[in-house]
Q: 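Before I ask anything, let me first share the structure, which is written out below as structure tokens.
Values below: every heavy atom of this structure, side chains too, minus hydrogens, waters and symmetry copies. Labels below follow one simple rule: chain letters A, B, ... track the order of the sequence lines, proteins then strands, and each chain is numbered from 1.
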There are 2 protein chains.
Amino acid sequence: MGRPQKTHRASKDRSLNTRQALREAALELMDRDNSFDGLSLREITREVGVVPTTFYRHFSDMESLGLELVAESFRTLRELLKVARQTAVPGEKMIRRSVETFVTYVRAHRRHFQFLARERFGGVAAIREEIRTEVRLLQSELATDLGRFPVLKTWSTEDLNMVSGLMINAMIGIVEQVLASRRRGQDDDELIMIAEKQLRLIILGVPQWRSQGD
Amino acid sequence: MGRPQKTHRASKDRSLNTRQALREAALELMDRDNSFDGLSLREITREVGVVPTTFYRHFSDMESLGLELVAESFRTLRELLKVARQTAVPGEKMIRRSVETFVTYVRAHRRHFQFLARERFGGVAAIREEIRTEVRLLQSELATDLGRFPVLKTWSTEDLNMVSGLMINAMIGIVEQVLASRRRGQDDDELIMIAEKQLRLIILGVPQWRSQGD
DNA sequence: CATAAAAGTCAACACTTGTACACAAAAAGC
DNA sequence: GCTTTTTGTGTACAAGTGTTGACTTTTATG
């Protein structure tokens, strides 16, 4: 239980990584209603309790801060997926459990997911691009995973990507709704139920599928 | 070829509705990479070629401008849906045609769709809320339409909403991709094909469905 | 045509913004 | 322990911001 060493000024204890503090401040401010390019450099440093010029010691630019937030947020998301892949055992309640885990996780890391959701179409081109790339990557990873299921073994890569895209879009929809309703609890239950149904419906279509490419 | 009547100052000819010009300027600026709350009042009036104070003659607030843009954008979208409902005849190529029309339409009104996509999760709470409400409305309308199809006649409202939600999320995904790639043409063809497949897959699941409520 | 209302202009305000530069403290390297 | 880097501070400036109030022009209305 290492107590943080004394400080002669509040919040100086984590001065080790002001960089981290800047990132967190940005997320925090976005949580209080702002899109990323609505933020100002000074606003952020003010939140951290540091002088504006300090910002430049860590980031050349607001954009570079933003890109780091993208990376950070996807790291969060990937941690979830890693665990999910290890624990997920195909079976009756697999979908249900996955969705539950997902919703809980989104709640636990709301600021990261909010950032991604908000900047996916947001006002900064570089950030948008980066997110897009990562999502596409995610989609093809999911496609690979799906390809391991017996029913999907014979499917073309294209079609697998098509399904995973559909699923990811459904999940993004879920994220939206989680973010929109701040209370957890009953809202979540209904939400989870719907998401589960949606995924189940998609899966029901799979055995019927026959790709009739153009 | 009616040439616009003479003006003693550029763009004075449409001074009849500066209000419209302000709205358009906002959309235009957002098209050059900005999210709505990254815009400034002065920026907008400058774009129109009018003095900042003029803004207040038309809008009390930036927020009220934003809300009007939401309304305008949804009007655009609803026009499409209206036509779609009238012309759509169930059949072999119905899905394909609908998707084609949709993509073309999104291209033709990119700034409106961009606005909606960007501000759906964007930084202004009031705007977000308004969009959310409208999307939900759209979803339940689509649910009603779906309910008219024979296969879906027996479905509960809840389940119909679930399906329409899935479809709408898929289409939102399409919008993203259309916005991301500025060139039309071949990109669109592939995009249309994928969207078509996704919708078809959803529909294939439908006859297999049996709702097993919690 | 006169008059009232609506739409646009001008000048000014008190703030906030990004960034530059010179300096002080802290950490790291030797 | 001294020196060098790194990190944070203070001051300053030019430019942009939202909003005000008092004016002028345009448009509509009687």
Side-chain angles (χ1 to χ4, degrees), chain A residues 2 4-26 28-30 32-69 123-127, chain B residues 4-26 28-30 32-69 122-127:
Chain A
Q5 62 268 40
K6 275 207 245 160
T7 63
H8 71 297
R9 217 187 272 192
S11 82
K12 191 64 183 297
D13 44 318
R14 20 182 78 192
S15 93
L16 296 148
N17 31 6
T18 310
R19 191 184 184 90
Q20 166 91 5
L22 287 169
R23 272 185 265 129
E24 275 175 18
E28 170 61 23
L29 288 170
M30 288 182 67
R32 308 195 202 128
D33 279 322
N34 268 114
S35 55
F36 185 76
D37 74 351
L39 294 182
S40 76
L41 184 153
R42 288 181 107 107
E43 214 176 343
I44 294 175
T45 56
R46 204 183 306 133
E47 174 82 13
V48 175
V50 91
V51 97
T53 43
T54 298
F55 184 92
Y56 294 105
R57 301 291 178 193
H58 301 277
F59 303 99
S60 59
D61 221 51
M62 277 290 282
E63 188 174 294
S64 95
L65 204 210
L67 289 174
E68 219 160 89
L69 284 177
V124 185
I127 293 181
Chain B
Q5 61 268 44
K6 274 208 249 161
T7 63
H8 70 297
R9 217 188 271 192
S11 82
K12 191 65 184 298
D13 44 317
R14 18 183 81 196
S15 92
L16 294 149
N17 32 4
T18 310
R19 192 187 183 92
Q20 166 93 3
L22 287 169
R23 272 185 265 133
E24 275 174 20
E28 170 61 23
L29 288 170
M30 289 182 67
R32 309 194 200 126
D33 279 323
N34 269 115
S35 54
F36 185 76
D37 74 352
L39 295 182
S40 76
L41 184 153
R42 290 179 105 105
E43 214 177 344
I44 294 175
T45 56
R46 204 182 306 131
E47 174 81 12
V48 174
V50 91
V51 98
T53 44
T54 297
F55 184 91
Y56 295 105
R57 301 289 178 195
H58 300 278
F59 304 98
S60 59
D61 218 54
M62 278 290 281
E63 189 173 292
S64 94
L65 204 209
L67 289 174
E68 218 160 271
L69 284 177
V124 185
I127 293 180

Q: Hey, does B:Arg57 have a side-chain heavy atom less than 4.5 Å from the side chain of B:Thr18?
A: no

Q: Once you round it to whole Å, what is the distance between P of C:dT17 and CD of A:Glu47?
A: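 After rounding, the reported distance stands at 13 Å.
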
Q: Could you check how far CD1 of B:Ile44 sits from P of D:dT19, rounded to whole Å?
A: 12 Å

Q: Within the pair A:Arg46 and C:dT17, is there a side-chain N or O less than 4.0 Å away from OP1 or OP2?
A: yes

Q: How many Å lie between CD on A:Glu63 and P on C:dT19, as a whole number?
A: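 Roughly 12 Å, once rounded to whole Å.
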
Q: Within a strict 4.5 Å, meaning less than it, do heavy atoms of the B:Phe59 and B:Arg19 side chains meet?
A: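 Result yes, sub-4.5 Å side-chain heavy-atom pair found.
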
Q: Taking for each residue the nucleotide of DNA chain D with the nearest heavy atom, is it B:Leu39 or A:Thr54 whose nucleotide lies nearer the 5' end?
A: A:Thr54

Q: When only distance counts, do a donor and an acceptor, one from the side chain of A:Ser40 and one from the base of C:dG18, lie under 3.5 Å apart?
A: no

Q: Could you check whether the side chain of B:Thr53 and the base of C:dC10 have a donor-acceptor pair of N or O atoms closer than 3.5 Å, going by distance alone?
A: yes

Q: Between A:Met62 and A:Arg57, which is nearer to the 5' end of DNA chain C once each is assigned its nearest nucleotide?
A: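 The residue whose closest nucleotide sits nearer the 5' end is A:Met62.
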
Q: Roughly, in whole Å, what's the span from CD in B:Glu43 to C1' in D:dG16?
A: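 After rounding, the gap between these two atoms is 10 Å.
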
Q: Hey, does A:Ile44 have a side-chain heavy atom less than 4.5 Å from the side chain of A:Leu39?
A: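 Contact flag for A:Leu39/A:Ile44 side chains = yes.
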
Q: To the nearest Å, how far apart are A:Asp37 CG and C:dT17 C1'?
A: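 After rounding, the gap between these two atoms is 15 Å.
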
Q: How is A:Val51 classified with respect to the nucleic acid when contacts are heavy atoms under 4.0 Å: base, sugar-phosphate, or nothing?
A: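 Contact class for A:Val51: base.
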
Q: Would you tell me if any nitrogen or oxygen in the side chain of A:His58 comes within less than 4.0 Å of OP1 or OP2 on D:dG8?
A: yes

Q: Classify the nucleic acid contact of A:Tyr56 as base, sugar-phosphate or nothing, counting any heavy atom under 4.0 Å across all strands shown.
A: base

Q: To the nearest 0.5 Å, what is the distance between CG on B:Asn17 and CZ on B:Arg23?
A: 8.5 Å

Q: What is the distance, rounded to the nearest whole Å, between atom CZ of B:Arg42 and atom P of C:dC15?
A: 16 Å

Q: So do the side chains of A:His58 and A:Glu68 get within less than 4.5 Å of each other, counting heavy atoms only?
A: no

Q: Mind calculating the distance between CZ (B:Phe55) and P (D:dT20) to the nearest angstrom?
A: 13 Å

Q: Rounded to whole angstrom units, what separation is found between the CG atom of B:Leu65 and the C1' atom of D:dT19?
A: 16 Å

